[in-house]
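Comments concern the structure below.
Each ligand, and each atom within it, is numbered from 1 in the order the structure gives.
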Amino acid sequence: MQKILMVYYSGGGNTKAMARAIKDGIAKNKNMDVECVQVGMIHPDRVADYDKILLGCPASGMEELEQAHFEPFYEACKKHLRDKPVALFGSYGLGVGHWMKKWERRCILDGAILFDEGFICLGTPEGEMIDGLMDFGRRFSEFNV
Ligand SMILES: Cc1cc2nc3c(=O)[nH]c(=O)nc-3n(C[C@H](O)[C@H](O)[C@H](O)COP(=O)(O)O)c2cc1C
């Protein structure tokens, strides 16, 4: 059985709601085991122990990752992302998603095998957005390189 690790930051709960929907989508794939944790609850080196990685972080600062918790985690774990399937997601509010485009480019430069475009959601995920997130999780769980 393959193992997916999902690590996310969520200050207000929107990215956490996204994480929950993605996890529900992955659960439809019985061959996939998923562990879902908030950043700070896992050492960055544990990323090395998983087959696929899902990272979630809302837009923060000036179209940046959240700086206090998630940015240090990403910096510390990025060496383990090389040649590994990675999917990104996060909520935003003020901009149009530039933080995610920057993050996608960064992941590729760090050697990750980026799955699809990062999944972004304005504010809280609801309705069809939840369905889309579940589908994103299912498709990532089936993604083979
Ligand atoms: C300090 C701060 C900075 C933010 N900066 C941005 C930003 O640069 N671009 C953007 O689109 N949204 C920005 N937002 C909005 C958040 O990304 C948005 O509220 C998101 O839904 C928060 O997700 P969360 O509930 O998972 O924390 C910012 C919010 C805060 C509190």
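Using cut-offs of 30° and 60° on the angle between ring planes, the pair Trp99 and Tyr92 is tilted.
Atom CD of Gln67 has more than 12 heavy atoms from other residues, nucleotides or ligands within 6.0 Å.
Cys57 has its side chain within reach of Trp103: a pair of non-hydrogen atoms, C-beta onward, lies under 4.5 Å apart.
Nearest-residue assignment for atom 20 (C) of ligand 1 (options Gly93, Ser91, Ala59, Cys57; heavy-atom criterion): Ser91. Closest heavy-atom approach to atom 23 (O) of ligand 1 among the candidates Pro58, Gly97, Ser10: Pro58. In this comparison of Gly61, Ala17, Cys121, the heavy atom closest to atom 8 (O) of ligand 1 sits on Gly61.
A side-chain hydrogen bond (donor to acceptor under 3.5 Å, both in side chains) with Tyr50 is found for one member of Glu35, Gln2, Lys3 and no other, namely Glu35.
Using a 4.0 Å cut-off between charged nitrogen and carboxylate oxygen, Glu71 and Arg106 count as a salt-bridge pair.
Taking both residues in full, the closest heavy atoms of Lys79 and Ala76 are given as NZ-O, 3.2 Å, listed atom of the first, atom of the second, then distance.
Where the criterion is an N or O separation shorter than 3.5 Å, residue side chain and backbone included, Gly11 meets it with respect to ligand 1. For ligand 1, the polar-atom distance check against Met62 finds no nitrogen or oxygen pair separated by under 3.5 Å.
With respect to atom 9 (N) of ligand 1, the closest heavy atom belonging to the protein is Glu63 OE2, 2.8 Å. Looking at atom 11 (O) of ligand 1, its nearest protein heavy atom turns out to be Gly95 N, 2.7 Å. Protein heavy atom closest to atom 25 (O) of ligand 1, with residue, atom name and distance, is Asn14 N, 2.8 Å. Protein heavy atom nearest atom 2 (C) of ligand 1, with residue, atom name and distance: Ser60 OG, 4.2 Å.
Of the protein's heavy atoms, none falls inside 4.0 Å of atom 31 (C) of ligand 1.
Phe136 is not connected to Leu88 by any chain of hydrophobic side-chain contacts under 4.5 Å among Ile, Leu, Val, Met, Phe, Trp and Tyr, and they are in different clusters.
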